[in-house]
Trainee: 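Please find one structure pasted underneath; my questions will follow.
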4 protein chains.
Amino acid sequence: MAKRTGEKHHDIIDAAVKTFARTGYHRTRVADIAREAGVADGTVYIYFKNKEDILVSLFQDLMIRFVEDLYSELVQCQDANEKLKKIINYHLTTLAGKPDQAKVTQIELRQIDQAINEGISRPLKRYFELIEEVINEGIQQGLYRKDLDTKTARKVVFGGIDEVVTCWVMSNKQYDLTALSEPVFELLVRGLR
Amino acid sequence: MAKRTGEKHHDIIDAAVKTFARTGYHRTRVADIAREAGVADGTVYIYFKNKEDILVSLFQDLMIRFVEDLYSELVQCQDANEKLKKIINYHLTTLAGKPDQAKVTQIELRQIDQAINEGISRPLKRYFELIEEVINEGIQQGLYRKDLDTKTARKVVFGGIDEVVTCWVMSNKQYDLTALSEPVFELLVRGLR
Amino acid sequence: MAKRTGEKHHDIIDAAVKTFARTGYHRTRVADIAREAGVADGTVYIYFKNKEDILVSLFQDLMIRFVEDLYSELVQCQDANEKLKKIINYHLTTLAGKPDQAKVTQIELRQIDQAINEGISRPLKRYFELIEEVINEGIQQGLYRKDLDTKTARKVVFGGIDEVVTCWVMSNKQYDLTALSEPVFELLVRGLR
Amino acid sequence: MAKRTGEKHHDIIDAAVKTFARTGYHRTRVADIAREAGVADGTVYIYFKNKEDILVSLFQDLMIRFVEDLYSELVQCQDANEKLKKIINYHLTTLAGKPDQAKVTQIELRQIDQAINEGISRPLKRYFELIEEVINEGIQQGLYRKDLDTKTARKVVFGGIDEVVTCWVMSNKQYDLTALSEPVFELLVRGLR
DNA sequence: CATGAATGAGCGTTCATTCAT
DNA sequence: AATGAATGAACGCTCATTCAT
């Protein structure tokens with residue numbers, strides 16, 4: 001009855017996403033996650049350093065896959081505009097399809113002592129770089145203004161998308177997030193031009 | 001040496017801003033705030049319902065004043081463009097000048113159970129409305145696209161500004177936030193046109 | 001608009017009886033009593049040493065008056081039997097007519113550190129003596145057994161009556177306590193014979 | 001050196017009896033019980049819902065065993081008189097041999113919000129029923145008056161015994177409680193005849 | 001690897017009491 | 001005498017983490 005290695009690790013991550021989304025990070029007890037995952041409390045500590053590590057790992061897993069997948073989609077795009085459109089669309093579509101993840105990413109994740117968290121900022125930074133690369137590409141391609149401050153532009157782009165998602169999560173997902181892809185793109189691409 | 005009424009309330013708010021900014025909301029003990037404010041632990045509970053109420057009240061105070069002051073500046077502006085510029089500038093300048101408040105607003109405040117928090121969302125909503133009004137005005141004035149989705153535009157505008165501030169706070173305020181006012185405005189106003 | 005001296009003292013005692021009966025001694029805050037009495041918190045401490053002192057004083061007041069009044073009734077009785085009947089009847093009638101007092105006497109009063117409480121035991125002791133005197137008188141009058149252990153008899157007599165009252169209070173006073181006067185008397189007087 | 005399951009539960013009950021008897025329920029800190037039991041504070045909460053639950057559980061344990069044991073003794077008795085004698089004797093003997101339990105039962109237990117306490121009244125009710133059954137049996141056997149109000153008789157019987165124990169506890173157990181078995185029986189049985 | 005009983009540090013909150021006015 | 005704002009000691013309870021099995 002051997003279980004595949006890593007199966008429990010995955011069970012715990014899954015359970016954590018569900019539980020954090022339902023109850024919130026601080027209100028979730030490690031014991032709750034363990035029960036949801038069908039393992040003993042102690043088992044959680046075989047796979048994770050501590051409670052915070054679960055949240056961070058969970059985010060890393062999601063983010064790394066997200067960026068990888070997004071990247072492999074971007075290479076198929078012709079120019080920066082198409083890429084920006086893809087980014088926005090992929091970002092919104094992904095979270096629209098995974099409400100629990102969206103909740104955790106937008107709300108619960110921000111309940112950690114940011115200052116310390118390497119673990120969160122590193123994968124996020126990779127996403128930021130991706131956006132910046134696209135912006136730079138757009139400048140090179142003559143699609144966007146030459147005098148654009150890439151870093152600031154990236155912040156506005158990411159901040160804009162992020163806020164749209166946050167509002168959707170806080171509204172209890174009562175409308176179609178994906179439908180906002182187009183208008184958000186229009187707003188941002190014009191900003192860059 | 002009688003103290004003015006309300007002075008303690010103010011002392012506690014002040015102490016809380018300082019302490020939350022320094023230590024983070026969850027790591028701050030009510031006793032820490034009390035000591036910093038120079039009052040007894042119990043005194044805190046004369047003025048606030050509980051620890052969370054301190055954070056919420058604090059934000060309400062700041063936000064209500066912020067929106068009021070901003071509003072009185074806006075009425076002096078000629079058109080939507082000028083108003084948008086004022087909003088961005090006022091937002092960045094205000095927080096650039098009050099690093100502790102910025103820290104609390106951008107980071108600590110987001111550590112609360114959003115679901116519950118009427119107290120936070122109401123004053124924020126007023127700010128959102130202000131932004132939306134400006135966007136609508138711009139449409140009316142023919143400055144911005146007619147087909148603009150005001151709500152989505154507002155989210156991108158606010159999200160963009162907010163992310164710029166958050167990045168500045170997380171960078172430990174190592175650069176001049178106010179200087180970003182102009183590029184952020186350019187990005188957003190073009191997006192709206 | 002001068003108030004008679006002692007008026008507030010009385011107001012507080014009254015408020016305490018009501019509040020203790022409604023909420024229970026431990027759950028009652030001194031501030032509750034003060035509000036009910038229409039005085040400031042601090043005023044309570046002008047008239048009473050502390051919270052416990054209110055309960056004790058209250059009981060002393062009641063008990064001393066109870067014993068005095070009972071005594072003056074007893075002198076009019078012919079023999080021990082009549083006196084015993086009077087004691088039982090008076091005890092039950094008094095408490096039946098003052099449900100709040102009954103609640104406090106039977107339930108709340110017993111929540112105090114008995115060991116220490118002089119204040120409670122002294123007035124109670126006087127009541128015990130009264131009962132013992134009647135029993136002794138009954139023995140002298142040949143109404144009760146000569147070999148009766150007066151102290152033990154007193155305990156059984158008082159305990160019997162007391163339990164009847166307690167049961168009535170705990171039943172939320174759903175039946176006529178006074179009606180039990182006769183059967184209780186029958187049980188106790190036969191026990192003494 | 002594995003401990004038997006349930007051993008800690010028992011340790012805590014034991015520690016609680018000792019500590020409540022020595023210090024009184026309200027003055028006892030949960031930490032005191034834990035220390036006395038040789039367990040951590042948190043361990044107490046694995047076995048008991050809260051502090052009050054310790055007191056209630058403790059009483060239930062004692063009372064249920066008391067009633068069971070008493071019951072098995074009663075079935076060996078010939079008639080109601082013998083049974084009544086057994087009840088009184090068993091009641092006094094049991095408590096005389098366990099002064100800590102007596103203290104807790106007679107004094108500390110009465111410091112709880114009666115209103116709520118199902119937990120206390122249920123096992124007590126079983127004892128009351130036992131007494132009532134004996135009284136009824138006595139009536140059937142022609143030993144006691146036919147016109148006896150069983151419920152009232154039970155209250156007087158229980159109240160009488162209870163008061164005798166309370167007085168003994170409050171006197172710091174300076175005399176032999178068991179010796180009162182005979183006179184109390186005489187008083188009560190005559191009352192029933 | 002897995003378990004889950006046990007741990008004990010940690011803290012928010014209450015409220016009886018005081019005292020300057 | 002009266003006030004009521006302020007005090008601060010006191011403690012029940014939680015829960016992340018450990019470790020013997």
Side-chain angles (χ1 to χ4, degrees), chain A residues 2-3 5-9 26-35 38-54, chain B residues 1-3 5-9 26-35 38-54, chain C residues 2-3 5-9 26-35 37-54, chain D residues 1-3 5-9 26-35 37-54:
Chain A
K3 295 212 168 194
T5 298
E7 192 165 323
K8 273 188 207 299
H9 183 279
H26 278 108
R27 273 215 278 270
T28 294
R29 276 160 277 151
V30 172
D32 295 336
I33 301 174
R35 196 187 316 110
V39 302
D41 293 13
T43 307
V44 172
Y45 287 86
I46 296 173
Y47 293 94
F48 300 91
K49 214 168 86 258
N50 51 37
K51 185 181 168 185
E52 195 178 282
D53 186 38
I54 304 174
Chain B
M1 208 76 115
K3 295 214 165 197
T5 297
E7 193 165 325
K8 277 191 205 304
H9 183 278
H26 278 107
R27 272 213 274 274
T28 294
R29 277 162 277 144
V30 173
D32 295 337
I33 300 173
R35 196 185 316 110
V39 301
D41 292 14
T43 306
V44 172
Y45 289 86
I46 297 176
Y47 294 95
F48 300 92
K49 221 168 81 259
N50 52 36
K51 185 181 167 184
E52 194 179 285
D53 187 38
I54 304 174
Chain C
K3 295 213 167 193
T5 296
E7 191 165 325
K8 276 189 206 295
H9 183 278
H26 278 106
R27 275 213 278 270
T28 294
R29 275 159 279 152
V30 172
D32 295 336
I33 300 174
R35 194 186 319 110
V39 301
D41 294 13
T43 307
V44 172
Y45 288 85
I46 297 173
Y47 294 95
F48 300 92
K49 213 166 86 256
N50 51 36
K51 185 180 169 185
E52 195 178 281
D53 186 39
I54 304 174
Chain D
M1 210 76 114
K3 294 213 164 195
T5 298
E7 193 166 324
K8 275 192 205 307
H9 183 277
H26 278 106
R27 272 214 276 273
T28 294
R29 277 162 279 145
V30 173
D32 295 337
I33 300 174
R35 195 183 318 110
V39 301
D41 292 15
T43 306
V44 172
Y45 290 87
I46 298 176
Y47 294 96
F48 301 92
K49 220 166 82 258
N50 50 37
K51 187 181 167 185
E52 193 179 284
D53 187 38
I54 303 174

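In what follows, every chain begins at residue 1, and chains take the letters A, B, ... in the order their sequences are listed.
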Trainee: Using atom CD1 of B:Ile46 as one end and atom P of F:dA5 as the other, report the distance to the nearest whole Å.
Mentor: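 After rounding, the gap between these two atoms is 7 Å.
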
Trainee: Taking the side chain of C:Val30 as its heavy atoms from C-beta onward, which of E:dT13, E:dT17, E:dG4 lies nearest to it?
Mentor: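 Per side-chain heavy atoms of C:Val30, the pick is E:dT17.
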
Trainee: Tell which nucleotide pairs with E:dT13, taking only Watson-Crick or G-U wobble pairs whose two distances are both under 3.5 angstrom.
Mentor: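 Base-paired to F:dA10.
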
Trainee: If you find the nucleotide of DNA chain F closest to D:Ala31 and the one closest to D:Thr43, which residue's nucleotide is nearer the 5' end?
Mentor: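 Its nearest nucleotide being more 5', the pick is D:Ala31.
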
Trainee: What is the distance from OH of D:Tyr45 to C1' of F:dC13, rounded to the nearest Å?
Mentor: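 One finds 5 Å between C1' of F:dC13 and OH of D:Tyr45, rounded.
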
Trainee: CG of C:Asp32 versus P of E:dT14: gap in Å, rounded?
Mentor: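 One finds 13 Å between P of E:dT14 and CG of C:Asp32, rounded.
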
Trainee: Using purine N1 to pyrimidine N3 plus N6-O4 or O6-N4 for Watson-Crick, or N1-O2 and O6-N3 for G-U wobble, each under 3.5 Å, what pairs with F:dA1?
Mentor: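 Check on F:dA1: unpaired, no WC or wobble geometry under 3.5 Å.
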
Trainee: If you measure from OG1 on D:Thr43 to NE2 on D:His9, what distance do you get to the nearest 0.5 Å?
Mentor: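 Interatomic distance, D:Thr43 OG1 to D:His9 NE2, rounded to 0.5 Å: 13.0 Å.
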
Trainee: Rounded to the nearest angstrom, tell me the gap between atom OH in C:Tyr47 and atom C1' in F:dA1.
Mentor: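 C:Tyr47 atom OH is separated from F:dA1 atom C1' by 7 Å.
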
Trainee: DNA chain F: B:Asp41 or D:Gly42, which has the more 5' nearest nucleotide?
Mentor: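 In this pair, the answer is B:Asp41.
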
Trainee: NE2 of C:His9 versus P of F:dA2: gap in Å, rounded?
Mentor: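 Going from NE2 in C:His9 over to P in F:dA2 covers 12 Å.
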
Trainee: Rounding to an integer number of Å, can you tell me how far C:Asp53 CG sits from E:dA16 C1'?
Mentor: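 Roughly 13 Å, once rounded to whole Å.
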
Trainee: Would you kindly compare C:Thr28 and B:Arg29 by the position of their nearest DNA chain E nucleotide and give the one closer to the 5′ end?
Mentor: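 Per heavy-atom nearest nucleotide, the more 5' residue is B:Arg29.
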
Trainee: What's the shortest heavy-atom distance between D:Tyr45 and D:Asn50, and which atoms?
Mentor: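 What the structure gives for the nearest pair is CE2-CA, 3.9 Å.
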
Trainee: Nearest-Å distance, NZ (D:Lys8) to P (E:dG4)?
Mentor: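 Rounded to the whole Å, the gap is 17 Å.
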
Trainee: Return the value, rounded to whole Å, for the distance between atom CD of C:Glu52 and atom P of E:dC15.
Mentor: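 It works out to 17 Å between those atoms.
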
Trainee: So, for B:Lys51 and B:Thr28, which heavy atoms are closest and what is the spacing to 0.1 Å?
Mentor: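 Heavy atoms of B:Lys51 and B:Thr28 come nearest at NZ-O, 2.7 Å.
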
Trainee: B:Val44 near the nucleic acid: base, sugar-phosphate alone, or nothing, with a heavy-atom cut-off under 4.0 Å?
Mentor: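 Nothing, no nucleic acid heavy atom in range.
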
Trainee: Quick one: pull up CZ in D:Arg35 and CG in D:Asp41 and give me the separation to the nearest 0.5 Å.
Mentor: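 Rounded to the nearest 0.5 Å, the CZ-CG separation comes out at 8.5 Å.
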
